[in-house]
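Structure first, commentary second.
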Amino acid sequence: MIICGTPPAFVPRRRVRVQTFGFFEVFVDSVPLKFTRTKCKECLAYLIDRRGARVTYAELGAILWEDSASNPAAQNNTQKIVSDLVKTLKEVNLEELIIKSRQDIAVNPLMVDCDYYAALEGDTAQLNAFMGEYMSNYSWAEFMVGELIKLKEESKGGKS
């Protein structure tokens with residue numbers, strides 16, 4: 001169905017586009033999403049990295065606060081970060097992007113267009129766009145760089 005004469009080719013697949021190659025960025029309706037805190041952005045980055053796998057709040061706290069993860073203040077801060085992230089998403093009518101329960105949290109990967117997800121699904125254009133940097137703003141993301149390099153090499157002729 002064509003609405004207002006706009007051909008379907010010009011309609012984005014999803015409202016949310018996530019860029020993980022290089023620095024992590026989130027775009028909603030082609031506009032960069034503004035986060036109230038840098039930790040909110042990092043929280044979403046980690047959930048995107050997990051591709052919909054549930055993460056406990058304790059694990060999330062360990063990622064966000066590293067050395068002080070077991071500290072009760074850090075656990076409280078993790079809850080505040082999640083709350084702020086949900087509030088930010090609610091402001092752009094995307095609260096369903098986050099799936100949370102009392103014990104854990106996840107992202108709904110079906111709601112985002114993501115270079116990382118596309119590359120993992122074999123999209124050669126996205127694999128070619130990967131230049132050795134993945135979520136460079138976060139040290140915990142370094143572990144995925146090797147996997148992506150290997151995937152890119154394999155896509156170019158079976159090298160390992």
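Computed from heavy atoms alone, side chains included, the values below leave out hydrogens, waters and symmetry copies.
Looking only at side-chain heavy atoms (C-beta outward), I98 and L44 come within less than 4.5 Å of each other. The shortest distance between side-chain heavy atoms of M111 and L94 falls below 4.5 Å.
Among residues two or more places apart in sequence or in another chain, the side-chain hydrogen bond (donor to acceptor under 3.5 Å, both in side chains) test is passed with Q79 by none. Partners of T56 under the side-chain contact (heavy atoms from CB on, under 4.5 Å) rule, at least two apart in sequence or in another chain, are A58, E59. Residues that satisfy the salt bridge (charged side-chain N to carboxylate O under 4.0 Å, His left out) test with K39, not counting sequence neighbours, are E42. Shown here are the ring pair (Phe, Tyr, Trp, His ring centres under 6.0 Å) partners of F21, two or more places apart in sequence or in another chain: F130. Applying the ring pair (Phe, Tyr, Trp, His ring centres under 6.0 Å) test to F24 and every residue at least two apart in sequence or in another chain returns nothing. Not counting sequence neighbours, T38 has no partner by the side-chain contact (heavy atoms from CB on, under 4.5 Å) test. Contacts of Y46 classified as ring pair (Phe, Tyr, Trp, His ring centres under 6.0 Å), with partners at least two apart in sequence or in another chain: W140.
Of the inter-residue distances, the one linking L120 atom CG with L151 atom CG reads 6.5 Å to the nearest 0.5 angstrom.
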### Task
Please assess V112 against L97 for the test side-chain contact (heavy atoms from CB on, under 4.5 Å), listing each intermediate value before the final yes or no.
CA-CA 8 Å; V112 299; L97 181 61; 3.7 Å; yes

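Cluster annotation: F27 and V18 are assigned to distinct hydrophobic clusters (Ile/Leu/Val/Met/Phe/Trp/Tyr, side-chain heavy-atom contacts under 4.5 Å, transitive).
Listed by first and then second residue, the ring-ring contact (aromatic ring centres under 6.0 Å, His included) pairs involving residues 71-115 amount to none (not counting sequence neighbours). Within the structure, salt bridge (Lys or Arg N to Asp or Glu O under 4.0 Å) contacts touching residues 19-32 (residues at least two apart or in different chains) are R15-D29, E25-K41. Screening residues 71-96 for salt bridge (Lys or Arg N to Asp or Glu O under 4.0 Å), with sequence neighbours left out, gives R37-D84. Among residue pairs with one or both ends in residues 118-131, none qualify as side-chain hydrogen bond (donor to acceptor under 3.5 Å, both in side chains); sequence neighbours excluded. Pairs engaging residues 96-123 under the ring-ring contact (aromatic ring centres under 6.0 Å, His included) rule: Y116-Y134 [sequence neighbours left out].
Between the side chain of R17 and the backbone N or O of S30, no donor-acceptor pair lies under 3.5 Å. Formation of a donor-acceptor pair under 3.5 Å by the S136 side chain with backbone atoms of E133 is not found in this model.
Closest non-hydrogen pair, L85 versus C43, comes out as CD2-SG, 3.8 Å. Closest heavy-atom contact between P109 and V107: CD-O, 3.0 Å.
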